[in-house]
2 protein chains.
Amino acid sequence: MAYSRAEALTVIQREMTAFARRARASAARTHPELSLVSFTLLAHLEDQQGCRATDLAAHYLLDKSTVSRQIAGLERLGYVERRTDPDDHRIQVLHLTPEGAEMLAQAAASRRKAFAARVEDWDGEDLERFAAYLLRYNDTVAREDETADAGDSADTADAAG
Amino acid sequence: MAYSRAEALTVIQREMTAFARRARASAARTHPELSLVSFTLLAHLEDQQGCRATDLAAHYLLDKSTVSRQIAGLERLGYVERRTDPDDHRIQVLHLTPEGAEMLAQAAASRRKAFAARVEDWDGEDLERFAAYLLRYNDTVAREDETADAGDSADTADAAG
DNA sequence: TTCAAGAGTTGTAAAACACAACTATAGGAA
DNA sequence: TTCCTATAGTTGTGTTTTACAACTCTTGAA
């Protein structure tokens, strides 16, 4: 706990990145039937109570074609359904099906179990603070993306990523 | 700041995952000539002052074939060199070349710049705590992997990813 | 000397991904 | 109205990342 500001920045970047590098493999091991991508897309649909493919692409910095194919796969599996917006037929609002919600819940539960074990000796206050820091950081990134959409400085958006 | 423990867990998992999902695209945008994988491999080589391909694979949960090809690419680019261990000719200790160190420094600097801007209004103490939490969490995961190697409970290793 | 284990490479295939070109819809302007 | 531009999404195509399996080479121990 005697970091300089610069050291803290270095550590945060390195550890966040290490975490990110492991994420895919970890998810694949714990729940082979639902990749990290699929899991996060379903989770976002649940969180948002449905949204457009475009919103998913923006939120996860993916090309719309990638999202389109991912969603097509999830639809084939029966986890996602499309509801065309009655006011604008260009828009398909994506929703979890009951099967999708169930699968998400199962995957979340097994992930959650391993995660909870990993932080079982953490103090509740530390967990809260950790959560708050992550939220604060990710909110900053999200706001950058919004302004980047308006302007053109997309290259400054989300670098430590 | 009035999360229950369960809520904090949920938030941490969700936000870490969202971060992980964006990481690749972000890295690609900020520094197109050095992918997230390449960057992390080079960074680990610098951090460890050289290591084996096997160590990289274990640390990032990648298959040894994946690491082998990544390293081959970095070697072609002149960023990494191999030094066969004189005592054991099976082992190739990987090291950054001066060019690799230079490239890493440049990529780190541009990532760092964007990152620093994102947390510029953060209090130093918060940054320290955030860094400490990440270290603490990742250390737990690393220890799990070690014990998993000894035993056979690889499925419990690194689930929240 | 034989043999099992570790380090690394290569063959192969699948998945994720981006870019570009396309269709279709919507909404405003001439 | 017609035309033009923008948005939402799909599809064609090619690259990259990745894992698994089979292989070579080296080591060390039986």
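Computed from heavy atoms alone, side chains included, the values below leave out hydrogens, waters and symmetry copies. All chains are named by letter (A, B, ...) in the order of the sequence lines, taking the proteins before the strands, and each is independently numbered beginning at 1.
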For this session: Any chance you could pull the hydrophobic cluster mates of A:I91, using side-chain heavy atoms under 4.5 angstrom and chaining through other members?
Result: A:V93
Problem set entry | Under 3.5 Å side-chain donor-acceptor pair for A:R111 and B:T17 | yes
For this session: List for me each residue that meets side chain to side chain donor-acceptor pair (under 3.5 Å) alongside A:E99, sequence neighbours excluded, and say none if there are none.
Result: A:T97
For this session: Grab the two heavy atoms, one from B:A6 and one from A:R112, that are nearest each other, plus how far apart they are.
Result: O-NH2, 3.3 Å
All N/O contacts under 3.5 Å from nucleotides 26-29 of chain D to the protein, with atom names and distances to one decimal?
| from | atom 1 | to | atom 2 | distance (Å) |
| --- | --- | --- | --- | --- |
| D:dT27 | OP1 | B:H89 | N | 2.9 |

Problem set entry | Salt bridge present between B:R83 and B:E81 (N-O < 4.0 angstrom) | yes
Exercise. Residues in ring-ring contact (aromatic ring centres under 6.0 Å, His included) with A:F130, at least two apart?
Worked result: A:W122, B:Y133
Problem set entry | Sequence-distant partners of A:H44, ring-ring contact (aromatic ring centres under 6.0 Å, His included), two or more places apart | A:H59, A:Y60
Problem set entry | Neighbours of DNA chain C within residues 45-57 of chain B, by heavy-atom distance under 4.0 Å | B:R52, B:A53, B:T54
For this session: Mind calculating the distance between CD (B:E33) and C1' (D:dT15) to the nearest angstrom?
Result: 18 Å
Exercise. Got a salt bridge between B:D85 and B:R90, using NZ or NE/NH1/NH2 to carboxylate O under 4.0 Å?
Worked result: no
Problem set entry | Distance, rounded to the nearest Å, where B:L94 contributes CG and C:dT9 contributes P | 8 Å
Donor-acceptor contacts under 3.5 Å from residues 47-54 of chain A side chains, at least two apart:
| from | atom 1 | to | atom 2 | distance (Å) |
| --- | --- | --- | --- | --- |
| A:R52 | NE | A:D55 | OD1 | 3.4 |
| A:R52 | NE | A:D55 | OD2 | 3.3 |
| A:R52 | NH2 | A:D55 | OD1 | 2.8 |

Problem set entry | Gap between atoms CG and C1', on A:L36 and D:dT17 respectively (whole Å) | 14 Å
Seminar exercise, completed: Across all chains, not counting sequence neighbours, the side-chain contact (heavy atoms from CB on, under 4.5 Å) partners of A:E120 are none
Problem set entry | nucleotides 14-19 of chain C: protein proximity per nucleotide (B base, S sugar-phosphate only, - neither; heavy atom, under 4.0 Å) | --SBBB
Problem set entry | Nearest heavy-atom neighbours spanning A:L104 and A:L42 | CD2-O, 3.7 Å
Short heteroatom pairs, N/O only, protein and nucleotides 1-4 of chain C, under 3.5 Å:
none

Seminar exercise, completed: residues 74-105 of chain B vs ring pair (Phe, Tyr, Trp, His ring centres under 6.0 Å), sequence neighbours excluded, gives none
Problem set entry | Between P of C:dA7 and NE2 of B:H59, the distance in whole Å | 17 Å
Exercise. Which whole-number value in Å describes the distance from A:I91 CD1 to D:dT10 P?
Worked result: 13 Å
For this session: Round to the nearest Å and state the distance from A:Q92 atom CD to D:dT7 atom P.
Result: 18 Å
Exercise. Does any pair with a residue in residues 62-74 of chain B pass salt bridge (charged side-chain N to carboxylate O under 4.0 Å, His left out), and if so which ones, sequence neighbours excluded?
Worked result: none
